[in-house]
Amino acid sequence: MATLETPLEAPKAGQHPAWKALKEHYAKIRKLHLRKLFSQDPARGDRLAVEALGIYLDYSKNRITDETLRLLLQLAEESGLRAKIDAMFRGDKINITEDRSVLHVALRAPKGTSIFVDGEDVVPAVHAVLDKMAGFSERVRSGAWKGHTGKRVRNVINVGIGGSDLGPVMAYEALRYYSQRDLTFRFVSNVDGTDFAEAVRDLDPAETLFIISSKTFTTLETMTNAHTARAWSLAGLNGDETSVAKHFVAVSTNAKEVAKFGIDTANMFEFWDWVGGRYSMDSAIGLSTMIAIGPDKFRSLLDGFHQMDLHFRETPFDRNLPVLLGLLTVWYTDYFGSQTVAILPYEQYLKRFPAYLQQLTMESNGKHVTLDGTQVAQDTSPVYWGEPGTNGQHSFYQLIHQGTRLIPCDFIAFGKPLNAIGRHHDILLANVFAQAEALAFGKTPKQVKAEGTPDWLVPHRVFEGNRPSNTILAERLTPETLGKLIALYEHSVFTQGVIWNVDSFDQWGVELGKVLAQRIVPELESKDEPKLAHDTSTNNLIRRYRTLSR
Ligand code: G6Q
């Protein structure tokens with residue numbers, strides 16, 4: 001196995017010749033308007049678009065020239081992107097701060113292929129778990145899996161948080177059209193008791209199956225909810241402990257803790273420490289997804305992921321969808337100083353997609369030091385956010401069109417609707433195209449005046465335009481397309497992380513708050529007034545809570 005560069009030898013972001021060249025280039029073109037770029041080059045919309053795997057990416061409405069692209073691609077090369085992609089696919093321990101391989105790509109590797117971690121081919125184990133999930137899913141879907149009282153399972157509740165929740169919720173919502181409709185799916189993540197209470201209030205424990213999803217099986221929120229679920233289930237089933245085997249299954253890497261909780265490890269679906277939480281929805285963490293849509297459609301989802309993996313690995317960078325998307329994000333973040341990216345799906349089923357991408361992007365690349373531990377020389381991950389269109393148009397789009405910030409947008413749309421009703425889809429798609437057009441080209445004072453607008457009102461009605469966007473268009477939202485879309489963003493995140501030279505696969509930033517919360521819990525619960533040694537603000541808040549809660 002080729003060795004990965006040691007951190008100290010790794011290239012330093014900000015020091016490549018392309019960074020400097022891009023800086024000079026930016027100074028020259030930063031005012032260039034998309035109106036001019038299109039009028040000087042009418043074929044721009046044909047040229048700056050790529051189609052691969054049925055996904056059409058129109059990136060012509062970006063504030064770039066051919067020279068920008070050339071330099072960004074040079075930056076990718078100088079950053080060693082090619083070697084880093086190979087290192088990931090080879091199973092090298094590129095998550096250096098946790099000394100782990102990063103192999104979500106192995107979760108969708110077809111049977112018969114091989115990927116090695118510490119000398120062991122992991123692909124057979126991946127397929128063994130997929131087969132076990134398929135058997136279990138079929139039993140739940142057909143009604144063969146009976147609850148403790150002999151009733152069939154009607155409700156499936158995934159209990160997990162972060163990477164063990166956001167993917168399952170997003171995928172369930174995204175693929176709901178394909179789901180088995182006589183099953184109810186709910187997702188409990190928050191340690192706020194309301195989340196659990198509302199999820200079960202109309203359910204019968206005799207018909208309810210809990211999937212406790214936790215890689216570590218020690219996460220405070222998930223374990224708190226899991227114990228509450230166990231108590232709720234037992235209370236409805238005469239307290240008979242043997243019922244747990246019928247109403248609880250686990251998805252975890254930690255068999256010991258699963259057994260300690262009382263779940264038979266025969267009912268445990270395994271995954272591995274080389275799968276990061278936010279990259280795990282296509283592992284056993286996707287069990288609720290598989291129960292919802294069935295094993296065959298789950299396999300199509302994996303196939304979509306895998307096709308995008310191959311595309312990322314094999315396609316020259318100038319036609320490589322994730323590479324282009326990632327480089328454009330670097331361009332706006334580090335040169336234009338953009339702080340955010342808006343994800344705007346014109347597909348109601350993708351309503352949780354922006355929330356899912358928030359974790360994928362920001363937990364991965366929200367880093368302030370490079371692989372060698374030194375301060376990064378430029379901004380890293382922007383803030384990702386968004387809502388489905390057309391709803392957002394009637395709320396926050398105002399700021400994108402006429403505010404003072406530059407917010408690059410990713411529009412996502414599909415040619416065919418899943419629910420074809422009258423003219424809805426034409427109207428929906430007309431809106432997405434119109435928004436991208438309006439953002440890019442705006443409306444000049446001359447145009448506004450020509451409409452008879454009084455002079456004093458003209459400035460208010462002017463749209464500067466020159467607001468960049470990508471439009472991602474595919475035929476229809478299917479499991480396979482969803483897999484491609486998710487992998488597109490996974491690899492875009494990877495590309496950005498390589499350019500910034502950060503560890504995109506750790507998340508130390510979530511640790512401190514967790515540790516402090518564990519310290520504060522007993523201070524809130526203790527009967528006697530605790531001796532507090534925090535700062536005065538925290539001390540006061542704790543005291544006030546103790547008074548309010550009693
Ligand atoms: C994701 C993070 C984090 C994790 C949750 C849940 O990359 O690591 O969101 O998924 O903290 O962890 P467990 O699955 O171990 O409960």
Side-chain angles (χ1 to χ4, degrees), residues 88 94-105 107 129 157-171 187-192 195-196 210-230 248-261 263 268-289 352 354-367 380-381 384 486-487 489-491 493-494 496-497 502-518:
M88 171 170 72
I94 58 169
N95 176 0
I96 62 156
T97 71
E98 296 180 326
D99 193 27
R100 285 178 182 165
S101 303
V102 173
L103 275 181
H104 40 282
V105 293
L107 298 170
V129 174
I157 303 189
N158 185 75
V159 178
I161 196 164
S164 300
D165 167 70
L166 285 160
V169 187
M170 180 277 288
F187 300 84
V188 174
S189 54
N190 201 333
V191 76
D192 182 338
D195 206 11
F196 182 82
F210 289 94
I211 303 175
I212 311 298
S213 296
S214 176
K215 181 173 165 181
T216 53
F217 231 72
T218 55
T219 305
L220 179 63
E221 292 91 331
T222 301
M223 287 304 110
T224 306
N225 278 318
H227 283 284
T228 301
R230 199 170 182 278
F248 283 80
V249 298
V251 178
S252 188
T253 58
N254 191 344
K256 210 171 120 211
E257 286 298 323
V258 168
K260 222 163 102 190
F261 180 83
I263 296 177
M268 167 175 153
F269 299 85
E270 191 195 1
F271 66 120
W272 307 273
D273 73 359
W274 40 263
V275 184
R278 55 193 173 275
Y279 296 87
S280 68
M281 58 155 290
D282 47 338
S283 70
I285 290 290
L287 184 60
S288 58
T289 315
R352 294 303 302 266
Y356 173 78
L357 287 190
Q358 286 188 326
Q359 183 189 25
L360 181 68
T361 55
M362 295 199 271
E363 201 167 42
S364 295
N365 286 335
K367 307 290 161 66
T380 56
S381 181
Y384 280 76
I486 299 167
Y489 279 96
E490 283 179 350
H491 298 320
V493 164
F494 183 90
Q496 294 163 41
V502 296
D503 189 332
S504 302
F505 303 101
D506 61 12
Q507 55 284 313
W508 298 105
V510 302
E511 293 299 316
L512 180 59
K514 278 196 209 170
V515 173
L516 293 183
Q518 292 284 18

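One-based numbering, in listed order, for ligands and for the atoms of each.
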- Note on the structure: When S364, S164, S504 are each screened for side-chain contact (heavy atoms from CB on, under 4.5 Å) with R278, the one that passes is S364

- Query: From T219 OG1 over to E257 CD, what is the distance, rounded to the nearest 0.5 angstrom?
  - Reply: 10.5 Å

- Enter the distance from T224:OG1 to F196:CZ here, rounded to the nearest 0.5 Å. 12.0 Å

Going by the atom numbers of ligand 1, which of them fall below 4.0 Å from some non-hydrogen atom of [X]?
X    : value
S214 : 13 (P), 14 (O), 15 (O), 16 (O)
S164 : 10 (O), 13 (P), 14 (O)
I161 : 5 (C), 6 (C), 10 (O)
R278 : 1 (C), 7 (O)
Q507 : 7 (O), 8 (O)

- Should G276 be counted as touching ligand 1, given the test is an N or O pair under 3.5 Å? no

- Message: For ligand 1, which is the ligand I care about here, please tell me if T222 has any N or O atom under 3.5 Å from one of the ligand's N or O atoms.
- Response: no

- Message: Is it the case that atom CZ in R352 sees more than 12 heavy atoms from other parts of the structure closer than 6.0 Å?
- Response: no

- Query: Nearest to atom 4 (C) of ligand 1, what protein heavy atom do you find, and at what distance?
  - Reply: G163 N, 3.8 Å

- Query: What's the shortest distance from atom 3 (C) of ligand 1 to any protein heavy atom, and which residue and atom give it?
  - Reply: Q359 NE2, 3.8 Å

- Message: Is E221 close enough to touch ligand 1? Criterion: a residue heavy atom under 4.0 Å from a ligand atom.
- Response: no

- Item | Within-4.5 Å side-chain heavy-atom neighbours: V191 and L220 | no

- Item | Exercise check, heavy-atom protein proximity under 4.0 Å to atom 9 (O) of ligand 1 | yes

- Query: Taking the six-membered ring for Trp, is the centroid-to-centroid distance between Y279 and F505 below 6.0 Å?
  - Reply: yes

- Message: Both conditions, 6.0 Å and 45 degrees, for the charged tip of R230 above the ring of F210: are they met here?
- Response: no

On a heavy-atom basis, I'd like to know which of [options] is closest to [atom].
atom                    : options                : result
atom 15 (O) of ligand 1 : T216, L220, I285       : T216
atom 13 (P) of ligand 1 : T219, L360, V251       : T219
atom 1 (C) of ligand 1  : K514, K215, M223, E363 : E363

- Query: Backbone N or O of V275 within a donor-acceptor pair of the K215 side chain at under 3.5 Å?
  - Reply: yes

- Is there a donor-acceptor pair closer than 3.5 Å between any side-chain N or O of N365 and the backbone N or O of T380? no

